[in-house]
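Keep in mind that what you see is a predicted model, and the values were worked out from it rather than measured. Each chain gets a letter, A, B and so on, in the order the sequences are listed, and its residues count up from 1.
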Amino acid sequence: GENVEQHPSTLSVQEGDSAVIKCTYSDSASNYFPWYKQELGKGPQLIIDIRSNVGEKKDQRIAVTLNKTAKHFSLHITETQPEDSAVYFCAASIQLGGADGLTFGKGTHLIIQP
Amino acid sequence: EAGVAQSPRYKIIEKRQSVAFWCNPISGHATLYWYQQILGQGPKLLIQFQNNGVVDDSQLPKDRFSAERLKGVDSTLKIQPAKLEDSAVYLCASSFGTSGPYNEQFFGPGTRLTVL
């Protein structure tokens with residue numbers, strides 16, 4: 001089955017600086033890669049996703065890149081703000097209809113230092 | 001639009017007892033998922049339903065866990081009997097499509113289970 005590795009487990013950055021979280025996946029058939037933000041006591045919230053036919057996607061301060069050959073994808077947050085502090089999860093799945101449950105990484109605790 | 005609803009939010013039981021969790025997905029969403037999130041880890045898929053049929057239950061410990069989705073809307077996840085290692089947050093998620101691809105999953109707030 002799919003295996004997703006995520007690094008680092010903890011990331012501390014100064015407010016206003018950029019943060020980068022990296023993930024690798026094992027199953028070359030995976031074609032959908034979402035990123036979720038989870039705040040304490042809440043369920044994961046989708047913040048951005050990328051499909052296998054796209055190399056990069058941006059949404060305001062957030063961007064995701066995908067390298068299918070190397071089987072890795074990354075989340076980039078620019079101009080970080082205190083409200084960005086949370087745990088971030090990458091995930092992967094094979095979406096062709098039918099079974100498309102997500103395989104998650106172990107998470108990155110992002111700390112924004114004021 | 002209302003999100004995924006789950007209840008209860010918290011549950012404390014003793015080992016060997018039974019427990020049930022309830023989920024109401026976003027209106028119109030055909031696909032429903034249950035995930036288990038152990039403290040400090042990412043969510044792990046337990047079971048996926050499309051309408052009222054099971055699509056994937058390969059990671060569900062069937063000797064103690066069961067789930068159903070009657071009428072293709074609400075779902076219940078049951079654990080009987082519970083073990084200490086079942087302490088976790090149980091997350092329900094739903095997505096719109098039945099045939100894919102690229103169905104975004106929306107998560108509920110979860111039920112935090114503590115087994116003593």
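- No side-chain heavy atom of F107(B) sits less than 4.5 Å from a side-chain heavy atom of K42(A).
- The neighbour count for E85(B) CD, taken as heavy atoms of other residues, nucleotides or ligands under 6.0 Å away, is above 12.
- For the options Q48(B), Q59(B), Q41(B), heavy-atom pairs under 4.5 Å to chain A are most numerous at Q48(B).
- Q105(B) and D100(A) get closest at one heavy-atom pair: NE2-O, 3.4 Å.
- Chosen from P43(B), G42(B), A93(B), the residue pairing most often with chain A at heavy-atom distances under 4.5 Å is P43(B).
- Heavy atoms of P34(A) lying under 4.5 Å from chain B are absent altogether.
- Of the atoms belonging to Q37(B), it is side-chain heavy atoms, and not backbone ones, that fall under 4.5 Å from chain A.
- No single ILVMFWY cluster, assembled from side-chain heavy atoms under 4.5 Å apart, contains both F104(A) and I50(A).
- For chain A, the nearby part of R9(B) is the side chain; its heavy atoms alone come within less than 4.5 Å.
- Only the side chain of L46(A) has a heavy atom closer than 4.5 Å to any heavy atom of chain B.
- Nearest heavy atoms, D56(B) versus A99(A): CB-CB, 4.0 Å.
- If you measure heavy-atom distances from Q6(A) to chain B, you find no contacts under 4.5 Å at all.
- Under the 4.5 Å side-chain criterion, counting only non-hydrogen atoms from C-beta, Y33(B) is not in contact with L102(A).
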